[in-house]
Protein chains: 2
Amino acid sequence: MTPPPAPSDAVAIELNAVLVALTANQPLVLTLEDGTLLPSGPFATEHPTLQSGLRAWVERQTHHPLGYVEQLYTFADRNRPGSDGRQRIVSISYLGLTRERLSAGARDPEWRSWYRYFPWEDWRTGPAPLIAETILPRLGPWVDAGGDAGNRRERQQRVEVSFGDGRETWNEDLVLQRYELLYEAGLVPEAKHPAADPVPGMPMRHDHRRILATGIARLRAKIKYRPVFFELMPPEFTLLQLQRAVEALAGRPMHKQNFRRLIDQQGLVEPTGASTTEARGRPAKLFRFRREVVLERAAAGSKLPLSRPI
Amino acid sequence: MTPPPAPSDAVAIELNAVLVALTANQPLVLTLEDGTLLPSGPFATEHPTLQSGLRAWVERQTHHPLGYVEQLYTFADRNRPGSDGRQRIVSISYLGLTRERLSAGARDPEWRSWYRYFPWEDWRTGPAPLIAETILPRLGPWVDAGGDAGNRRERQQRVEVSFGDGRETWNEDLVLQRYELLYEAGLVPEAKHPAADPVPGMPMRHDHRRILATGIARLRAKIKYRPVFFELMPPEFTLLQLQRAVEALAGRPMHKQNFRRLIDQQGLVEPTGASTTEARGRPAKLFRFRREVVLERAAAGSKLPLSRPI
DNA sequence: TAATTAATACTCTAACTGAGCATAATGAGG
DNA sequence: CCTCATTATGCTCAGTTAGAGTATTAATTA
């Protein structure tokens with residue numbers, strides 16, 4: 001039952017990276033070739049581990065240290081988009097957070113707002129109009145084409161869970177589910193049987209937009225129980241800047257006073273003593289992160305009715 | 001920056017599986033060779049996707065369908081324990097939940113309680129005595145051997161976060177952190193420089209105990225926001241049986257009345273109408289899961305102060 | 001019949017969440 | 001100088017949730 005693994009026919013390891021930065025309240029992702037590709041490359045044989053290979057390669061390209069790295073997913077499907085079917089490519093994707101951007105305005109690599117790829121994910125100024133105006137109407141026919149009643153009902157439920165009603169209910173974490181639903185419905189150009197008229201949102205080559213969706217979803221889920229947005233902020237910042245950063249990632253507006261209360265309660269930041277007058281109104285105190293807390297914060301909230309140990 | 005990935009020298013893809021079942025309130029994991037290995041094997045070339053390869057292979061071995069499958073992690077480290085350093089092995093591990101066990105008492109493969117490998121993870125009857133009696137005392141010298149004060153302080157903090165004080169504070173999700181801490185401190189036999197006297201808990205070959213820790217951690221985290229324990233239960237069950245199942249996974253006792261309240265509120269189950277008298281006391285109603293709810297439950301709880309969309 | 005075991009129904013309190021009001025401190029424009 | 005727009009910050013409030021405990025019901029076993 002456990003024969004020694006024999007070398008498969010032709011296998012290549014490829015690394016894909018979703019590299020995220022923040023500027024001017026926009027969540028940015030590093031892209032290549034006119035925004036159609038995520039940075040990716042072969043896994044250099046000389047590196048002892050995957051992460052070290054990724055770090056070395058990214059830092060050589062961007063000249064900036066990679067703050068936080070997390071593995072996303074491994075694909076090895078034979079019929080993976082972009083594979084020619086003969087050689088098997090194992091694609092291992094990573095999420096990386098970095099504080100500084102590459103030289104601004106560079107063309108290749110280029111930082112782009114991830115909302116260019118997923119315009120329906122930006123609810124910072126209210127429900128994305130795209131959903132009620134375009135997406136839901138076009139998903140309707142797909143639901144109706146579901147065959148028997150049970151299947152139609154399931155499709156309808158998937159639409160409701162993923163996109164809500166387009167106005168109120170919205171779960172910002174379901175980035176991947178939404179993209180996959182649109183893919184399945186043929187509403188993105190990458191789909192095998194794309195509709196003549198896809199939904200707005202810039203496509204990418206191969207399955208890179210899918211990988212990007214995975215990275216955004218992971219990051220949105222993560223910030224709720226671990227303050228990784230640390231890695232994206234400058235050394236000093238105001239609380240409003242921090243709030244705008246989190247909003248950019250989550251794609252949702254937040255209640256200002258409650259946001260401050262939460263940050264305060266958790267002891268995540270400490271005042272530097274200085275304040276800034278860059279904005280128009282009352283000067284805001286500057287803060288820095290208390291890195292010590294990150295370790296302590298490993299404890300996540302529980303949703304089960306645990307009782308105190310006997 | 002994006003050369004076509006060239007085949008690395010010698011690469012083999014290997015699948016590792018953490019297969020979980022539940023019997024008699026014990027969380028079981030499928031093992032091979034006297035419990036020293038997780039089932040693993042080469043990725044068969046004929047399968048179009050990783051998951052289909054895994055499913056086919058597991059179902060051929062256990063003769064039972066695999067309910068829920070989730071990718072865990074991909075390792076490709078050159079100096080991975082068990083690798084001979086020449087050939088690079090890409091090891092992709094999966095978590096799988098299954099309802100039925102293999103023929104009871106079989107020797108190979110064999111189901112074993114995962115607490116044989118991680119005895120300190122079982123807090124169902126209160127704090128695991130092992131921690132205060134053995135683990136914390138042995139981690140003390142490791143903290144002291146940390147070199148400069150800063151490093152010692154960091155080690156101390158890691159110990160506190162991972163193991164708490166051994167009595168009250170305990171986060172059941174940190175299975176992997178705890179194992180890695182013990183590994184680093186040389187307190188498990190698998191470590192590169194193992195102490196003469198390791199902490200109790202059965203070791204495994206290669207990095208399989210590490211993979212198992214990853215699977216347990218993932219499962220414990222998952223049950224808090226998605227009712228995957230569905231996949232481990234028989235078609236009908238009492239609420240106490242369900243509670244014991246969740247407790248077995250989480251490794252912690254739960255408050256009976258509140259557990260029922262939570263299950264009830266979420267609408268996860270419906271009474272079958274029948275009841276059972278297998279236990280001694282008052283007969284309990286039998287329930288079954290409402291599978292429809294699983295889809296709806298995709299919505300997870302948020303911990304950020306979201307405001308209603310404008 | 002009494003003791004035991006388990007199921008189930010409520011209650012209570014502290015903490016947390018989403019929301020909003022009020023006030024303070026600044027620059028811009030008249 | 002005065003007013004207004006703008007941002008920061010302090011505080012309150014109601015509804016919900018989480019952890020804990022009390023009480024009652026319905027069966028089995030000694």
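Side chains are part of it too, since the values below use all heavy atoms of this structure and drop only hydrogens, waters and symmetry mates. Lettering follows sequence order; numbering is per chain, from 1. Predicted model only: the values in this text are computed from it and were never measured.
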**Asked** Any idea how A:W170 and A:W123 line up, ring-wise: parallel (<30°), tilted (30 to 60°), or perpendicular (>60°)?
**Response** parallel

**Prompt:** Do the rings of A:Y179 and A:F118 sit parallel, tilted or perpendicular, given the 30° and 60° boundaries?
**Reply:** perpendicular

Rounded to whole Å, how long is the line connecting atom [atom1] of [X] with atom [atom2] of [N]?
X	N	atom1	atom2	result
A:Q266	C:dC16	CD	P	11 Å
A:K224	C:dT17	NZ	P	13 Å
B:Q243	C:dT8	CD	P	12 Å
B:F237	C:dA7	CZ	C1'	16 Å
B:H255	D:dT22	NE2	C1'	10 Å
A:R261	D:dC13	CZ	P	14 Å
B:Q265	C:dC10	CD	P	15 Å
B:L262	D:dT17	CG	C1'	10 Å

**Message:** Is the distance between the ring centroids of A:F230 and A:Y68 under 6.0 Å?
**Reply:** no

**Prompt:** Among B:L232, B:L22, B:I216, whose side-chain contact (heavy atoms from CB on, under 4.5 Å) with B:P27 holds?
**Reply:** B:L22

**Message:** Using only atom types and a distance under 3.5 Å, with no angle test, would you say the side chain of A:T98 pairs donor to acceptor with the backbone of A:G67?
**Reply:** no

**Prompt:** Considering all heavy atoms of both residues, which atom of B:P119 and which atom of B:P200 are nearest to each other, and what is their separation?
**Reply:** CG-O, 3.7 Å

**Fill in**
Given protein heavy atoms under 4.0 Å, the one-letter contact record of nucleotides 6-11 of chain D, with B base, S sugar-phosphate only and - none, is simply BBBBBB

